[in-house]
Amino acid sequence: MASSRGRARGDYVLAWVDDHLLTDGWDTLVLRQFDPTADKPYLLGLRHWEDRHVGTCFGKYYAYFPMMRREDVRRIGWLSADYRKGFADVDLAMRVWQAGGYCEPSEARVVIQHEDDMIKLGDLLEGEAQCTPEDMRIFL
C-alpha cells in the first residue's frame, strides 16, 4: 500500500499544532462558512476562544490556524516549509489575495490555547514579530 504521509485526502486542509485544542463540534461550526460552489480561493482562520487580536498584513486579515478547501490548496499551495517560526500564514494569505481570493476569521470561536503554548523559541525570536531573523529575511 502506498503511503499517504504528507498527502491530504479529505475535502479540507487545516494547519494544526500540538499546543492548542479544538472545541467539541468545531468542524460542524466552521464548515458552515465554506461555499462549495465558490470559484475564488477561500482561506478561513480559526478563531481563539479567548478574546485575542487578529493578524493583519497591509491592513488585510490573514488566517491563524488556516483552513482551506483541498482544491484551493492545489491551486495556491500551502504553508511554506521555508519558515521556521513566523510568516508562513501571512505568506499563504498573500498568495490567496494575489489569486483573487479572500481570507476571513471563523465566526465561531473554536481554538483553545493550551498551557504548553507558553514554550517558545526564546532568544531566537526577532522582537514582537514572533519569528526568527531568517524568517524575517525570507519574508522581506
**Q.** side chain to side chain contact (heavy atoms under 4.5 Å, CB included) assessment of Val96 paired with Met68
**A.** CA-CA 10 Å; Val96 168; Met68 291 173 68; 4.2 Å; yes

Q: Kindly indicate whether the side chain of Phe65, heavy atoms from C-beta on, has any atom under 4.5 Å from the side chain of Val110.
A: no

Q. Distance from Met94 atom CE to Phe87 atom CZ, nearest 0.5 Å?
A. 10.5 Å

Q: Hey, could you give me the CH2/CG distance between Trp16 and Leu22, rounded to the nearest 0.5 Å?
A: 3.5 Å

Exercise answer: donor-acceptor pairs, residues 34-45 side-chain atoms, under 3.5 Å, sequence neighbours excluded:
residue	atom	partner	partner atom	Å
Asp35	OD1	Thr37	N	2.9
Asp35	OD1	Thr37	OG1	2.7
Asp35	OD2	Thr37	OG1	3.4
Tyr42	OH	Gln33	NE2	3.4
Tyr42	OH	Glu104	OE2	2.5

Q: Give, for atom SG of Cys57 and atom CG of Asp89, the distance between the pair rounded to the nearest 0.5 Å.
A: 9.5 Å

Q. Would a distance-only check, ignoring hydrogens and angles, find a side-chain to backbone donor-acceptor pair under 3.5 Å from Arg95 to Ile76?
A. yes

Q | Pair Trp97-Tyr102, ring pair (Phe, Tyr, Trp, His ring centres under 6.0 Å): steps then yes or no | A | CA-CA 6 Å; Trp97 301 330; Tyr102 59 103; over 10 Å; no

Q. Do Cys103 and Tyr62 have side-chain heavy atoms sitting under 4.5 Å apart?
A. no

Q: List the steps, then state whether side chain to side chain contact (heavy atoms under 4.5 Å, CB included) holds for Leu31 with Met67.
A: CA-CA 10 Å; Leu31 286 175; Met67 184 172 177; 3.8 Å; yes

Q.
Determine whether Arg74 and Arg69 satisfy the following criterion, side chain to side chain contact (heavy atoms under 4.5 Å, CB included), listing intermediate values before the conclusion.
A. CA-CA 9 Å; Arg74 285 183 178 144; Arg69 295 177 299 221; over 6 Å; no

(Q) Donor-acceptor pair, distance only, cut-off 3.5 Å: does the side chain of Ser106 make one with the backbone of Arg47? (A) yes

Q. Any side-chain heavy atom of Leu140 sitting closer than 4.5 Å to one from Arg137?
A. no

Q) Do Pro66 and Leu14 have side-chain heavy atoms sitting under 4.5 Å apart? A) no

Q) Between His20 and His48, is any pair of side-chain heavy atoms under 4.5 Å apart? A) yes

Q | Asp135 side-chain N/O to Lys85 backbone N/O, donor-acceptor pair under 3.5 Å | A | yes

Q. Any donor and acceptor pair, going by atom type alone, linking the side chain of Arg70 with main-chain N or O of Gly10 inside 3.5 Å?
A. yes

Q) If you round to the nearest 0.5 Å, how far is CG of Asp72 from CH2 of Trp78? A) 10.0 Å

Q | Inter-residue atom distance Leu46.CG - Thr23.OG1, 0.5 Å rounding | A | 9.0 Å

